[in-house]
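See below for the structure under consideration.
Note on naming: letters A, B, ... go to the chains in the order of the sequence lines (proteins, then strands), and numbering restarts at 1 for each one.
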Number of protein chains: 2
Amino acid sequence: MPGDKLTEDVIGDRFGVSRTIVRTVLARLYAEGLVDMQPNKGATIAQPSLSEAQDVFETRMCLERQVIARLAEKVTEDDMESLQRHVELETKANIHDGSAAIRLAGEFHILLASLSGNKVLARYVDEVVSRSSLILALYSRPHSSDCSINEHQQIIDALRQGDGQAAIDAMDHHLKAVADRALLSSTSDKHRDIRSILDRYAS
Amino acid sequence: MPGDKLTEDVIGDRFGVSRTIVRTVLARLYAEGLVDMQPNKGATIAQPSLSEAQDVFETRMCLERQVIARLAEKVTEDDMESLQRHVELETKANIHDGSAAIRLAGEFHILLASLSGNKVLARYVDEVVSRSSLILALYSRPHSSDCSINEHQQIIDALRQGDGQAAIDAMDHHLKAVADRALLSSTSDKHRDIRSILDRYAS
DNA sequence: ACCGATTTGTTTGTATACAATAATGCATAC
DNA sequence: GTATGCATTATTGTATACAAACAAATCGGT
């Protein structure tokens with residue numbers, strides 16, 4: 001799916017709106033790095049290179065460390081409760097609904113960021129999480145089970161015990177694991193880039 | 001100026017373009033936090049509250065620390081040279097052209113971020129630097145001399161000596177100083193919010 | 001049969017038109 | 001004099017129209 005053309009008319013017809021609307025949302029998605037755009041040539045679903053993917057994960061780690069550092073100082077009992085509830089949702093979904101599980105895994109990080117109370121941080125985390133999802137869709141093999149729920153649990157456990165450093169370490173460990181699953185599953189992106197070129201001449 | 005209405009028609013006329021163009025750039029500025037928008041009520045120049053300002057500076061510190069950490073490991077001689085050249089531009093401008101000095105001070109941070117080689121990081125730094133400028137325009141008193149050139153010099157000195165931790169400390173110190181100049185110059189924003197309300201009834 | 005040029009059809013970029021919503025001003029009532 | 005309701009104006013949100021750029025296909029020449 002990444003690399004696919006996003007023709008304004010087609011999308012507009014699909015949703016029953018005019019190109020005006022489609023255009024603004026495409027521009028927003030471009031700003032968020034989810035679609036690529038070239039002048040006079042329109043939009044395509046973004047196809048981040050390996051190095052872009054590394055940039056995203058590095059930035060994400062930097063941002064989420066800050067989220068945890070802030071939370072370690074100010075989490076309330078209510079916050080912990082909603083985090084715990086979320087992880088339980090994840091465990092349930094992980095059994096019978098794979099696509100919901102993937103969504104919830106991302107939303108855990110967004111929830112953390114919003115609980116931090118820093119809107120700017122939260123917006124950036126939201127962006128890098130979305131981009132991470134795209135990267136996973138691109139590079140990680142289909143059935144690499146995202147069994148990261150334990151890691152989520154470890155993070156909130158450390159937070160509950162008020163151990164900021166342990167929480168940061170847990171988050172670091174978790175994000176490194178996610179990045180590894182995505183980026184190390186393909187040694188080099190040449191192979192993937194070539195595939196894309198081949199695909200274009202295949203039909 | 002913050003709080004001012006940004007009417008699409010008048011901006012379009014001002015620049016000789018249609019509302020379409022104005023609309024897209026307003027949307028972009030909104031995404032960057034430089035203008036506020038309300039549904040059916042249009043755009044105004046953003047008026048970040050003190051707490052939003054704190055969020056921006058906290059996030060900025062987090063991002064720029066990462067920039068420095070990265071640079072400490074990979075700066076080239078060419079990088080150091082262009083950084084040094086930039087600081088010299090700043091010193092020159094500081095003497096005879098105040099407005100250029102302000103612009104260059106911001107661009108120093110953007111240059112650092114771009115030299116880091118991480119595009120995602122660089123975009124976010126660009127954003128928080130712009131927002132910081134807006135915050136300074138809002139909260140810092142007009143003639144608080146931004147004599148931060150020394151601080152810039154200290155950062156690149158530490159980088160040149162390959163002392164990553166010292167560079168991070170220098171950046172931390174610098175950003176804390178900038179934030180203090182902006183945020184501590186007004187004890188509470190009530191006073192400022194009230195002024196804005198009064199100003200509206202003053203003309 | 002292959003290459004290049006021209007022509008046709010698509011798709012994007014910008015401007016304009018129209019409907020819906022909000023802001024303003026005025027008249028009237030109290 | 002102040003407040004309330006209505007009418008007018010301004011401004012926004014969405015759709016459409018048109019021009020420019022691009023992609024593709026057709027045609028003619030070698």
Side-chain angles (χ1 to χ4, degrees), chain A residues 1-49 52 119 123 126-127 130-131 134 138 192-203, chain B residues 1-49 52 119 123 126-127 130-131 134 138 192-203:
Chain A
M1 203 87 173
D4 282 9
K5 189 79 206 301
L6 296 171
T7 307
E8 297 171 359
D9 268 331
V10 176
I11 298 174
D13 290 352
R14 189 81 165 56
F15 290 97
V17 296
S18 78
R19 278 180 55 216
T20 309
I21 313 283
V22 178
R23 226 150 193 302
T24 65
V25 40
L26 284 179
R28 193 161 56 82
L29 292 173
Y30 172 64
E32 290 171 9
L34 294 177
V35 316
D36 291 334
M37 293 194 77
Q38 284 183 321
N40 288 318
K41 296 183 108 192
T44 56
I45 298 180
Q47 226 174 353
S49 67
E52 287 176 78
K119 293 261 181 65
R123 187 170 79 72
D126 197 333
E127 260 186 49
S130 302
R131 294 179 78 165
L134 182 70
L138 236 191
R192 167 103 24 196
D193 279 344
I194 287 170
R195 251 209 72 147
S196 153
I197 292 169
L198 292 181
D199 285 348
R200 202 163 299 170
Y201 293 119
S203 72
Chain B
M1 202 91 172
D4 282 10
K5 190 78 208 303
L6 295 171
T7 309
E8 298 171 0
D9 267 331
V10 317
I11 298 175
D13 291 352
R14 188 81 167 55
F15 291 98
V17 296
S18 80
R19 277 180 57 217
T20 310
I21 312 283
V22 178
R23 220 145 199 301
T24 65
V25 38
L26 284 179
R28 195 162 54 85
L29 292 173
Y30 172 65
E32 291 171 9
L34 294 177
V35 316
D36 291 335
M37 292 194 78
Q38 284 183 323
N40 288 317
K41 297 182 106 192
T44 56
I45 297 179
Q47 224 173 353
S49 68
E52 287 176 76
K119 292 261 182 66
R123 187 170 80 72
D126 198 333
E127 260 186 51
S130 302
R131 294 179 77 165
L134 182 71
L138 236 191
R192 167 98 29 191
D193 278 345
I194 288 171
R195 250 208 72 146
S196 154
I197 293 169
L198 292 181
D199 285 346
R200 203 163 296 169
Y201 295 119
S203 70

Compare all side-chain heavy atoms of A:Leu6 with those of A:Leu26 and state whether any distance is below 4.5 angstrom.
->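 Yes; the side chains approach each other to less than 4.5 Å.
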4.5 Å side-chain heavy-atom contact, B:Leu134 and B:Ile45 | yes
Just the atom pairs and distances: protein N or O near nucleotides 22-25 of chain C's N or O, under 3.5 Å.
from	atom 1	to	atom 2	distance (Å)
C:dA23	OP1	B:Lys41	NZ	3.4

From A:Asp13 atom CG to A:Thr7 atom OG1, the distance as rounded to the nearest 0.5 Å =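 Nearest 0.5 Å value for the CG-OG1 distance: 10.5 Å.
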Rounded to the nearest 0.5 Å, how far does OG1 of A:Thr44 lie from CG of A:Asp4?
->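 Spacing of CG (A:Asp4) from OG1 (A:Thr44) equals 8.5 Å.
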Could you tell me whether a side-chain N or O of B:Ser49 sits under 3.5 Å from a main-chain N or O of B:Glu52, the two making a donor and an acceptor?
->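 Yes: the side chain of B:Ser49 pairs with the backbone of B:Glu52.
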Using modelled atom types only, decide if a donor and an acceptor are shared between the side chain of A:Arg123 and the backbone of B:Ala31 within a distance under 3.5 Å.
-> yes
Within the structure, does a side-chain N or O atom of [X] lie under 4.0 Å from either OP1 or OP2 of [N]?
X: A:Arg23; N: C:dG13; value: yes
X: A:Lys5; N: D:dC22; value: no
X: A:Ser18; N: D:dA15; value: yes

I need the [atom1]-[atom2] distance between [X] and [N], as an integer number of Å.
X: B:Gln38; N: C:dT21; atom1: CD; atom2: P; answer: 17 Å
X: B:Arg19; N: C:dT14; atom1: CZ; atom2: C1'; answer: 13 Å
X: A:Glu8; N: D:dC18; atom1: CD; atom2: C1'; answer: 15 Å
X: B:Phe15; N: C:dA15; atom1: CZ; atom2: P; answer: 14 Å
X: B:Tyr30; N: D:dT12; atom1: OH; atom2: C1'; answer: 15 Å
X: B:Leu26; N: D:dT11; atom1: CG; atom2: P; answer: 14 Å

Toward the 5' end of DNA chain C, by each residue's nearest nucleotide, A:Gly42 or A:Thr20 =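 Residue closer to the 5' terminus by nearest nucleotide: A:Gly42.
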Among [options], find the nucleotide with the atom closest to the side chain of [X].
X: B:Val17; options: C:dT12, D:dT11, C:dA15; result: C:dA15
X: B:Thr7; options: D:dT12, C:dT16, C:dT12; result: D:dT12
X: A:Asp9; options: C:dT12, D:dT11, C:dT16; result: C:dT12

Output, in order, the C-alpha distance, side-chain angles, deciding distance and verdict of salt bridge (charged side-chain N to carboxylate O under 4.0 Å, His left out) for B:Arg131 and B:Glu127.
-> CA-CA 6 Å; B:Arg131 294 179 77 165; B:Glu127 260 186 51; 5.0 Å; no
